[in-house]
Amino acid sequence: MTTESLNSSSRGKKWLWFHRFGSPAWVYGFASRWAMPIGVVALLLFVVGLYQGLVVAPPDYQMGDSYRIIFIHVPSAWLSMFSYFVMAVSAGIGLVWHIKVSDLVARSVAPLGAMFTFCALVTGSLWGKPTWGTYWVWDARLTSELVLLFLFIGYIALSNAIEDRRTASRASAVLALVGLINLPIIHFSVEWWNTLHQGATVTKLGRPSIDTRMLIPLLIMFFAFNFYFLSAMLYRLRCELLSQERRTQWVREIVND
Amino acid sequence: MNDQTVSTMSAMKALLRRDLMIALRERGDMLQPVLFFIIVVSLFPLSVTPDKTLLMQAGPGIIWVAALLATLLALDGIFRPDHEDGTLEQLVLSPHPLSLLVLAKTLAHWLVTGLPLILISPLLGVLMQLSGDAIIVLSCALILGTPALSLIGAVGVGLTVGIRKSGVLLSLVILPLYVPVLIFGAGAVQATMVTLDPQPHLLLLASFSLFSLAVCPLASATALKISVN
């Protein structure tokens, strides 16, 4: 064996782990192995984070106990945007390189993203009642979160409306990418609109640099949400894989077991 | 076959001429979005208030929303008839870049549906009690903004053209993407009314349209290729 072929074969091995993600059967096994443990970690973090946040952390000097919704609100708002990013990027990868698994990842992330966006909106408006006095303020961030929800709904509606699954994935991938380009523009336009419109905007927190005792539960909840996202995504991915590959041998074997 | 001898430019011109001719021969269809535009705007004084100052304040927003809806209503015509009679397949198969052909079709569509809205807008401005300056800015904003509406809309129609009943779906897909146009377009007129400079809004609107001009034909072409298959 020449050194050259040795090199290429070792390089091949180095990248082998990555190529396996293209195989639905392997990804199914991977998802089955990891969905549960990651979910357990998420659950533990939720318990610890909620205890820390709701019991241990001190009340805010201005907002009292109502600020505690931050421990749900901020992680959901983060994940709402992160899910859109994950969805658009994996849909784009599926569109360009025709990787089936990647399409399915996008498909399984979309409802999760819509759910997180909805959570962020609901918690935001519940938080708004004690702090701003009304359930809904046309605050720039809330408004762009609302538009984000519409984008998720449009994506889901489009991918459900097209019967052929391949066409559905590819068409909704184009929409997701257009949305991804448009999202920053929407965000900034909404921000300018609000400042131009109303003069002083309501700043979310007085933010005299957040107390460590509040920051730690926030970080724990942040990780809890992320682990939950990962676990839920893997569970959904399993279903998507089984239904997409229902005619293949490996699915038959699993179903017959 | 003399495909090689036809340049892309002349193919685009031929397509533009064809689409305009079809539109001119069905003048009734051309009128519909404009009538819709006028009717929607005139519903607001009836439903909200005929009060002069309130109308003036809400006017720019109402006119822009109505323009958005009128564009949306006419949008399907950009690819659907061609999809139904098979022309679209021929366009996809043609040796010319599909994105440029799509651009020609979008331009034709804008001339047929966007331009009439702009021409009628001063009248609606008067109905909504806008001042002379505000009406001029409104027309400028529509000139700068409606191309973006047609360009983004073409992507949406490209994505949904394969679906039989896509009316509501199209609006679900497209309307969130129209948010920046609405904000800057109505913002420009509102700025004029409080004697601020509308120029920043207009420039942002123009840049958004130019950006759409660069990106959207490519996206529409991809969408059409997927839909036509």
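Keep in mind it's a predicted model, so treat the numbers as computed, not measured. Each chain gets a letter, A, B and so on, in the order its sequence line appears, and its residues count up from 1.
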Looking only at B/Val215, B/Leu177, B/Val179, B/Val194, the option with the highest number of non-hydrogen pairs under 4.5 Å against chain A is B/Leu177

Let me know if [X] has heavy atoms under 4.5 Å from chain A in its side chain, its backbone, both or neither.
| X | result |
| --- | --- |
| B/Leu204 | side chain |
| B/Val155 | side chain |
| B/Leu169 | side chain |

Honestly, the part of A/Leu177 sitting under 4.5 Å from a heavy atom of chain B is neither

If one checks every heavy atom of A/Leu148 against chain B at 4.5 Å, the contacting part turns out to be neither

Which is it for B/Ile163 and A/Leu158 under the side-chain contact (heavy atoms from CB on, under 4.5 Å) test, yes or no, and what are the steps along the way?
CA-CA 9 Å; B/Ile163 306 164; A/Leu158 182 67; 4.2 Å; yes

If every non-hydrogen atom of [X] is compared with every non-hydrogen atom of [Y], which pair is closest and at what distance?
| X | Y | result |
| --- | --- | --- |
| B/Val173 | A/Gly154 | CG2-O, 3.9 Å |
| B/Leu172 | A/Ala157 | CD1-CB, 4.0 Å |
| B/Ala219 | A/Val174 | O-CG1, 4.0 Å |

Heavy atoms from other residues, nucleotides or ligands near [atom1] of [X] exceed 12 (cutoff 6.0 Å):
| X | atom1 | answer |
| --- | --- | --- |
| A/Phe46 | CZ | yes |
| B/Gln199 | CD | no |
| B/Phe36 | CZ | yes |
| A/Tyr28 | OH | yes |
| A/Arg246 | CZ | yes |

Interatomic distance, [X] atom [atom1] to [Y] atom [atom2] [nearest 0.5 angstrom]:
| X | Y | atom1 | atom2 | result |
| --- | --- | --- | --- | --- |
| B/Ile174 | A/Leu175 | CD1 | CG | 7.5 Å |
| B/Phe211 | A/Ile181 | CZ | CD1 | 5.5 Å |
| B/Ile226 | A/Arg166 | CD1 | CZ | 9.5 Å |

ask   = Given A/Asn182 and B/Phe208, is the side-chain contact (heavy atoms from CB on, under 4.5 Å) satisfied, shown in steps?
value = CA-CA 10 Å; A/Asn182 220 318; B/Phe208 188 73; 4.0 Å; yes

Pair count under 4.5 Å, heavy atoms only, with chain B: among A/Ile186, A/Leu95, A/Ile162, highest is A/Ile186

